[in-house]
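Numbers here simply count residues along the sequence, with the first being 1.
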Amino acid sequence: MPATEETPPPTSDPPIRRETAADAVEESRAIERLAGRFAETGLSRMAARVFAALIVSPDGALTAAEIGQRLSISSGTVSTSVQYLSRLGLITREHVPGSRRDLYRILDDPWPDVFAIRGHWLREFAKSAEEEIDRLGDGAPGARERLAVMREFALFVMPRLDTIVVEWRRHRAAHAPTGRG
């Protein structure tokens, strides 16, 4: 039936999600499970919880007050965590027009940046090993050998991380969805 003045045209807005208590409980459990995994990779427990809360939030973005409420943590803890995640390049901070609040948003694809952080860490790892090999001299052959293996591992892995990131970006470009939704 064609649209008339009495019948408004259909919109593309998604239906409003009505959150039930069961949805909230499952979201909370998902946050804690993900946070546990992120903490295992080196994020602080609170930063991992904040990061997980942003991932599972409907829009991938929350205000500091919303983060604190969802996680039952203080505003100071939220502030410390979002500053840390921002420095890592995993989230962004956006000003909410007409408000004194900021919105913290997870990047659409932060994972290559996570690998870039690991690549930087590996470069420092190799550099430290090399410096310590030079400092120890010939009097510590066992330590020098272990440090040489440490350096060799880092130098072996670093270019592979770069290759993985390049291949991932190609994959994302080839399989990018036509719209968000």
Side-chain angles (χ1 to χ4, degrees), residues 10-122 124-125 154 157-158 160-181:
T11 65
S12 62
D13 294 336
I16 296 172
R17 180 175 176 232
R18 300 282 183 218
E19 191 171 302
T20 65
D23 289 338
V25 167
E26 191 50 44
E27 181 179 287
S28 180
R29 288 179 180 158
I31 289 169
E32 296 307 323
R33 286 188 301 265
L34 287 168
R37 294 292 183 183
F38 296 143
E40 288 171 3
T41 68
L43 280 180
S44 73
R45 181 77 178 139
M46 282 303 135
R49 290 182 73 216
V50 169
F51 190 52
L54 289 168
I55 287 173
V56 302
S57 68
D59 297 322
L62 298 167
T63 65
E66 291 169 327
I67 293 168
Q69 182 180 20
R70 283 178 189 238
L71 301 178
S72 299
I73 59 177
S74 72
S75 60
T77 300
V78 171
S79 177
T80 300
S81 296
V82 297
Q83 287 176 20
Y84 177 68
L85 293 168
S86 293
R87 279 194 312 272
L88 290 179
L90 299 175
I91 66 172
T92 60
R93 176 177 156 183
E94 303 169 6
H95 180 71
V96 177
S99 170
R100 291 177 32 182
R101 294 182 177 206
D102 289 322
L103 194 64
Y104 298 94
R105 180 179 305 281
I106 187 166
L107 300 176
D108 286 335
D109 186 11
W111 314 116
D113 295 325
V114 170
F115 270 80
I117 292 166
R118 294 292 186 210
H120 173 73
W121 180 82
L122 284 168
E124 292 301 313
F125 195 69
V157 172
M158 281 183 337
R160 285 159 179 81
L161 286 178
D162 294 339
T163 300
I164 289 169
V165 169
V166 168
E167 289 177 10
W168 170 249
R169 288 190 171 133
R170 280 191 203 128
H171 172 81
R172 280 280 287 189
H175 297 90
T178 57
R180 295 187 101 172

Participant: Would you call Thr63 and Glu66 a side-chain contact if the rule is heavy atoms closer than 4.5 Å?
Facilitator: yes

Participant: Looking only at non-hydrogen atoms, find the nearest pair between Pro112 and Val165 and report the distance.
Facilitator: CB-CG1, 3.7 Å

Participant: Kindly give the heavy-atom pair with the smallest separation between Ala48 and Ala39, and that separation in Å.
Facilitator: CB-N, 3.9 Å

Participant: Would you name the heavy atoms of Ala61 and Ser57 that are closest together and state the gap between them?
Facilitator: N-OG, 3.2 Å

Participant: For the residue pair Ile106 and Leu90, establish whether any side-chain heavy-atom pair is separated by less than 4.5 Å.
Facilitator: no

Participant: Given 3.5 Å as the limit, does a donor-acceptor pair link the side chain of His175 with the main chain of His171, or not?
Facilitator: yes

Participant: Run the side chain to side chain donor-acceptor pair (under 3.5 Å) test against Arg37 and tell me which residues pass, sequence neighbours left out.
Facilitator: none

Participant: With sequence neighbours left out, what residues match Gln69 under side-chain contact (heavy atoms from CB on, under 4.5 Å)?
Facilitator: none

Participant: Would you list the pairs meeting side chain to side chain donor-acceptor pair (under 3.5 Å) in which at least one residue belongs to residues 80-92, sequence neighbours left out?
Facilitator: Ser79-Gln83

Participant: When you measure from the side chain of Glu32 to the backbone of Arg29, do you find a donor-acceptor pair of N or O atoms at a distance under 3.5 Å?
Facilitator: no

Participant: Can you name the closest pair of heavy atoms from Leu71 and Arg49 and give their distance?
Facilitator: O-NH2, 3.1 Å

Participant: What pairs of donor and acceptor atoms, side-chain ones from residues 94-101 against any protein atom, are under 3.5 angstrom apart with sequence neighbours left out?
Facilitator:
residue	atom	partner	partner atom	Å
Glu94	OE1	Arg105	NE	3.4
Glu94	OE2	Arg105	NE	2.8
His95	NE2	Ser99	O	3.2
Ser99	OG	Arg101	N	2.9

Participant: Is Arg93 atom CZ crowded by more than 12 heavy atoms from other residues, nucleotides or ligands, each under 6.0 Å away?
Facilitator: no

Participant: Name all pairs fulfilling the salt bridge (charged side-chain N to carboxylate O under 4.0 Å, His left out) condition that reach into residues 168-177, sequence neighbours left out, sorted by first residue then second.
Facilitator: Asp109-Arg172

Participant: Which atoms form the tightest heavy-atom contact between Val78 and Ile67, and what is the distance?
Facilitator: CG2-CG2, 3.9 Å

Participant: Checking Ser28 side chain against Val25 main chain: does a donor-acceptor pair fall under 3.5 Å?
Facilitator: no

Participant: Are Asp162 and Met158 close enough that some pair of their side-chain heavy atoms sits under 4.5 Å apart?
Facilitator: no

Participant: Under the salt bridge (Lys or Arg N to Asp or Glu O under 4.0 Å) criterion, do Glu167 and Arg160 qualify, and how do the steps go?
Facilitator: CA-CA 10 Å; Glu167 289 177 10; Arg160 285 159 179 81; over 6 Å; no

Participant: Would you compute the distance between atom CD1 of Ile31 and atom CZ of Arg70 and round it to the nearest 0.5 angstrom?
Facilitator: 6.5 Å

Participant: What's the shortest heavy-atom distance between Ala47 and Leu85, and which atoms?
Facilitator: O-CD1, 3.6 Å

Participant: Answer whether the closest heavy-atom distance between the side chains of Glu27 and Asp23 falls below 4.5 Å.
Facilitator: no

Participant: Mind jotting down which residue pairs meet the ring-ring contact (aromatic ring centres under 6.0 Å, His included) criterion with at least one end in residues 25-72? Sequence neighbours excluded, please.
Facilitator: Phe38-Phe51, Phe51-Trp111

Participant: Supply the atom-to-atom distance Leu54 CG to Asp59 CG, rounded to the nearest 0.5 angstrom.
Facilitator: 11.0 Å

Participant: Between Ile91 and Val82, is a side chain to side chain contact (heavy atoms under 4.5 Å, CB included) present by the stated rule, with each step listed?
Facilitator: CA-CA 8 Å; Ile91 66 172; Val82 297; 3.9 Å; yes

